[in-house]
Amino acid sequence: MIEKMQMVHIVTMASKKQEMLESLREVGILHISERKNADKAAADKVLALNKAMASLKEYKTDKGSNQQILSDAEFEKMYSEVQNALDRKVALIQEAGAAKAELERIQAWGEFSPAELSELKAEGYDLHFYSIGKKELEAAVSDENIKLIRLAPIDKMDAIAVLGTLPVTIPATEFVVPEKSASELQKTLADCEASIAACNETLKKASAFEASFKAQLLKAQNEETFSAACATAESDDELVWISGYIPAADIETFKAMADAKKCAWAVDDVADDDDQVPTKVRYNKISGLIQPVFGILGILPGYREQDVSLWFLLFFALFFAMIIGDGGYGLLILLGTLGFVAKTKKTNDATFLLTVLSITTIIWGAITGTWFGMESAMHVPFLKAMVIPSFANYPEYFGLTATAQQNVIMKFSFTVGAIQMALGAILAIKKKIPEKNLSWVADLGWTVAVIAMYLLSLNLVIGESINMAPVGALIGVAFLLVVLFGGMSPDKSFSQGLKAGLADAFTVFLNTISCFGNAMSYIRLFAVGMAGLAIAQSFNAIGAGFSGPLVVFGVLIVFIGHALNIVMAFLSVVVHGVRLNVMEFSGQAGLEWTGIAYEPLKLKNK
């Protein structure tokens, strides 16, 4: 359920600002409204630590991490060395790159001393070097004013040293004399590589102190949060105050803290038009399993919306099972999850969720007779006994046709969709009736529309014999209810709501058509599941085609094929399974997922 919030205000003497904010952080229940940005130094420190930790990941060795937590002084010394090593390595890489490029440019000209050339120039011998074509060389040689010496060819071109410069009438490419000789550049490269190796060694050693970096990052994040609270608190010459939101269940804790610190306070109900109220969802042991999915998707119901986490979990588990569709895949997911838990000795909502999803997938695979897409599974009496014949993916073993089996699965998909969408509308009705919002009648109309569209889908897709006259009447009744009551709200009179609904009649017409599309969209549960089965069967058939010594390649193809199929199935769950919950179901329930996460001012411990 979504916890009720209240707006609170707390005031104290300006000299006690720090004490007040520290006390608020200690109780950890105040969500500050309109929080301002933290001090730049505090924000920059968090950014720098994150950047350093990300950089050190590539230097981590297999020797493990040093779990020792360094003191602040020890960490600062080590952190300074890390920053210096990172900065120096960047500079060294650039220097080495420039030296390497320069060496490649001059290497063909052989070994020479730029310093000696500079001395000759100081004595009046200004030598310039060129690579030149044969015709141009002949022209230069024949010119009495040009004093040159022929050198060894450079890259199949003639090379010359000229006292002074060539006239512009003779085309040639001048060689720019470098500051360092080839041997000096090679030494620079060697020095850079040695220094880079030293930097790498420093960074490797530092990468072992991951625990210390995390501890310092946590400290920096807490400082950043506190800095933002300090910036948000308003003040004048005498007083300082701050406002925010607190769960109604924690109000007494807030009052006790304020009284103990001799602070003035006030508590109000949140305003009806306040759109900044944070959402705090109180999950139970079952509904809490869906939190990882909400976290990945970044969705949260708004404060005035409904908590549908339990329904979301139930339908998501079913959709996951139907889309993955294979009991063998479910068994692999379960074993992988249990192996991860055994190795890390840690359990959380994500591992519990994967366990539930894998079990539902195994159950779906069992009742459809699908185990790694192998038809031979039906030769195992135990596996065959668990199959529901009308759901069997190998219907010929139960005296059914493929068409009859597919129609049953499609009908099941449409039925699940109708139940979910109708449930969404019913949840909207349940919410609106206590609010005395007459638009609940429009949601009743949508419930009728969902039933009608379900019957229409069965008739058009599966070919079930359904009398379409009552279906048309249901659609008409639903349309009228939505038009007449869709514009109602507690702040409008009946006539105002009626006018608003009638003005929106064309939109309702389009939404009615969209409702049919939403009902039809649940066929994806059947289609994606069948596609996954077909892919598994195809790879099995390819692998079975190898014999003799080549059977190894067949096994490899089957292994890679099933691995790819599992990955694609997971992507399909995100694309299709999540969409049905977030779009179709949530749309009927009136959810827009506009929630602001409840983030109280408190000391984080992880």
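What you are looking at is a predicted structure, and each value in this text was computed from that prediction instead of being measured.
Salt bridge annotation for Lys16-Glu19: absent, with no cationic side-chain nitrogen under 4.0 angstrom from a carboxylate oxygen. Between Lys205 and Glu81 there is no salt bridge, since no side-chain nitrogen of the basic residue lies less than 4.0 Å from a carboxylate oxygen of the acidic one. With salt bridges taken as basic N to acidic carboxylate O contacts below 4.0 Å, none links Lys134 and Asp158. A salt bridge is absent between Lys45 and Glu224; no separation between the charged side-chain nitrogens and carboxylate oxygens falls under 4.0 Å.
Checked by atom type, the side-chain pair Thr232/Glu34 shows no donor-acceptor distance below 3.5 Å. With hydrogens and angles left out, the side-chain atoms of Asp72 and Gln216 include a donor and acceptor closer than 3.5 Å. With 3.5 Å as the limit, one finds no donor-acceptor pair spanning the side chains of Glu95 and Thr188. When only modelled atom types and interatomic distance are considered, Glu599 and His31 share no side-chain donor-acceptor pair under 3.5 Å. In summary, the side chains of His562 and Asp326 do not present any donor paired with an acceptor at a separation below 3.5 Å, with no hydrogens or angles considered. Side-chain contact, Lys89 with Asn200: a donor N or O sits under 3.5 Å from an acceptor N or O. For the residue pair Glu26 / Ser23, no side-chain donor-acceptor distance below 3.5 Å is found, with atom types taken as modelled.
One distance of note links CG of Leu185 with CD1 of Ile106; it measures 5.0 Å at 0.5 Å rounding. Remark: Ile324 CD1 to Thr361 OG1 distance equals 6.0 Å, nearest 0.5 Å. To the nearest 0.5 angstrom, Glu305 atom CD is 8.5 Å from Ser586 atom OG. The NZ atom of Lys51 lies 11.0 Å from the CG atom of Asp44; values are rounded to the nearest 0.5 Å.
You'll find the side chain of Phe316 reaches within 4.5 Å of the side chain of Val573, heavy atoms only. Counting only heavy atoms from C-beta outward, the side chains of Phe352 and Val341 never approach each other to under 4.5 Å. A heavy-atom distance below 4.5 Å is not found between the side chains of Asn565 and Phe539.
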- prompt: Where do Met53 and Leu217 land on the side chain to side chain contact (heavy atoms under 4.5 Å, CB included) test, with the steps shown first?
  reply: CA-CA 9 Å; Met53 288 178 67; Leu217 177 60; 3.7 Å; yes
query: Could you walk me through whether Glu223 and Lys219 pass the salt bridge (charged side-chain N to carboxylate O under 4.0 Å, His left out) check?
result: CA-CA 6 Å; Glu223 289 174 359; Lys219 187 181 294 185; over 6 Å; no
task: Could you check Phe209 against Phe75 for ring-ring contact (aromatic ring centres under 6.0 Å, His included), going step by step and ending with a plain yes or no?
output: CA-CA 9 Å; Phe209 290 94; Phe75 180 82; 8.9 Å; no
query: How far apart are the C-alpha atoms of Glu184 and Lys187, what are their side-chain angles, what is the distance that settles it, and do they pass the salt bridge (charged side-chain N to carboxylate O under 4.0 Å, His left out) test?
result: CA-CA 5 Å; Glu184 290 173 328; Lys187 185 178 183 305; over 6 Å; no
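Aromatic ring orientation, Phe553 versus Phe546: tilted (interplanar angle from 30° to 60°). By the 30° and 60° cut-offs, the orientation of the rings of Tyr283 relative to Phe294 is tilted. The aromatic rings of Tyr329 and Phe372 stand perpendicular to each other, their planes meeting at an angle above 60°, with 30° marking the opposite boundary.
The shortest heavy-atom contact between Val141 and Leu148 is N-CD2, 4.2 Å.
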